[in-house]
Amino acid sequence: MRVGYYQFDCVFGEVTRNLDQVSRALSKVSADLLVLPELLASGYQFISKQEVLDLAEPVPDGPTTQRLMEIARARNMVLVGGLAERAGDHAYNSAVAVGPNGVIGCYRKTHLFFEETLFFTPGDTGFHVWDIGQARIGVMVCFDWFYPEAARTLALKGADILCHPANLVLPYCPDGMVTRCLENRVFSITANRIGSEERGGKKTLTFIGSSEVVTPRGQVLERALRDKEALAVVEIDPAEARKKSLNPY
Ligand code: ACM
């Protein structure tokens, strides 16, 4: 199975521009599963609830889900990517999984990070695993990684691969996911963004890149640089994630 990530720098509020960049970057890719960053089309550093509501989109009718479905259909692959989701008066920090036949599922981030708590409603979907044929995937978003229960819940529900859209600013996660993979014997694909945002007089946020694919043995198969756009696809055998014993007996 060919899996990977696309790491890039999105521009705050420029939804069409950001989606065009993703379409262009993936126009020739050959993969079965590709993970994209958190909030990939809106940007991250919101300064008001109204701003979030204005940029948040319904799933599946909003531009991000529609565009990801278009790419998934054209490239015959599954995509997982993050977006600000609007549902009534609520905005969720969500991730959708889409395939050639449409939406597979939508997960709303459980563990909001820092000022996300001012603008987003904590997720109410719980953690889900979806069978995409070659593997079972589970989705968690960025800071969910810090709570081992998120990865463990997905693993107990049968996930072979943790799909992990992110906008990481702290340095701990890339090595931390090695532990998540070891303790659950699963694969993970973290897709982070690069670049920085400084909005509304707030402290500059610099995103740390370092997107990666990690195996159930804790091997980092591929890790991107901190500050460079990167598209990576590697071959894995998802069956490795179903062998849970560490010792032969
Ligand atoms: C984060 O959860 N975006 C750090």
Side-chain angles (χ1 to χ4, degrees), residues 5-13 15 18 22 35-49 51-53 55-57 64 80-86 90-97 106-128 138-154 162-181 188-200 202-212 214 223-224 226-227 229-230:
Y5 54 76
Y6 176 49
Q7 158 176 309
F8 71 107
D9 185 6
C10 81
V11 178
F12 187 93
V15 171
N18 296 328
V22 173
V35 183
L36 303 165
E38 177 183 13
L39 297 171
L40 68 96
S42 60
Y44 183 80
Q45 198 177 33
F46 294 99
I47 56 175
S48 71
K49 177 88 193 266
E51 193 176 58
V52 183
L53 288 173
L55 281 165
E57 317 169 13
T64 301
V80 177
L83 77 163
E85 180 196 356
R86 176 143 190 180
H90 294 279
Y92 296 97
N93 185 342
S94 297
V96 286
C106 177
Y107 163 70
R108 295 172 170 167
K109 184 176 184 177
T110 304
H111 303 100
L112 299 172
F113 180 71
F114 191 41
E115 292 193 336
E116 290 171 31
T117 56
L118 304 176
F119 308 129
F120 289 102
T121 303
D124 58 358
T125 52
F127 294 94
H128 293 283
V139 177
M140 53 193 239
V141 173
C142 205
F143 196 47
D144 282 329
W145 84 269
F146 198 78
Y147 298 84
E149 297 82 0
R152 175 54 58 104
T153 300
L154 290 170
L162 306 179
C163 298
H164 184 212
N167 273 190
L168 296 160
V169 289
L170 299 177
Y172 316 115
C173 177
D175 289 343
M177 286 308 288
V178 171
T179 303
R180 293 291 163 273
C181 288
S188 71
I189 307 167
T190 296
N192 192 23
R193 60 165 288 185
I194 55 170
S196 57
E197 289 182 3
E198 183 180 5
R199 306 192 62 252
K202 290 177 187 273
K203 184 169 167 284
T204 305
L205 294 178
T206 299
F207 303 96
I208 64 157
S210 312
S211 299
E212 63 182 8
V214 184
R223 185 180 279 176
R226 295 174 68 90
D227 56 357
E229 186 178 334

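Remember, it's 1-based here, ligands and their atoms both numbered in the order they're listed.
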Exercise. Is the shortest side-chain N to carboxylate O distance from Arg108 to Asp124 below 4.0 Å?
Worked result: yes
Problem set entry | Ring geometry between Tyr147 and Phe143 (parallel below 30°, tilted from 30 to 60°, perpendicular above 60°) | perpendicular
For this session: Taking the six-membered ring for Trp and the single ring otherwise, decide whether the centroids of Phe113 and Phe146 are under 6.0 Å apart.
Result: no
Problem set entry | Given Leu162, Thr190, Leu168, Thr179, the one that forms side chain to side chain contact (heavy atoms under 4.5 Å, CB included) with Trp145 | Leu168
For this session: Under 4.0 Å from a heavy atom of Glu38: give me the atoms of ligand 1 that qualify, with their elements.
Result: 1 (C), 3 (N)
Problem set entry | Reported OH-to-CG distance for the pair Tyr92 and Leu112, which is rounded to 0.5 angstrom | 10.5 Å
For this session: Would you check whether Glu116 reaches within less than 4.0 Å of ligand 1, judged by its heavy atoms?
Result: yes
For this session: Calculate, to the nearest 0.5 Å, the distance between atoms OH and NE2 belonging to Tyr5 and His164 respectively.
Result: 14.5 Å
For this session: Taking only heavy atoms of Lys109 into account, list the atoms of ligand 1 that are under 4.0 Å away from them.
Result: 1 (C), 2 (O), 3 (N)
Exercise. What protein heavy atom is closest to atom 1 (C) of ligand 1, reported as residue, atom name and distance in Å?
Worked result: Cys142 SG, 2.9 Å
Exercise. Of all the heavy atoms in Tyr44, does at least one lie under 4.0 Å from an atom in ligand 1?
Worked result: yes
Exercise. Under a heavy-atom criterion of less than 4.0 Å, does Val169 contact ligand 1?
Worked result: no
Exercise. Between Phe143 and ligand 1, is there a nitrogen or oxygen pair with a distance under 3.5 Å?
Worked result: yes
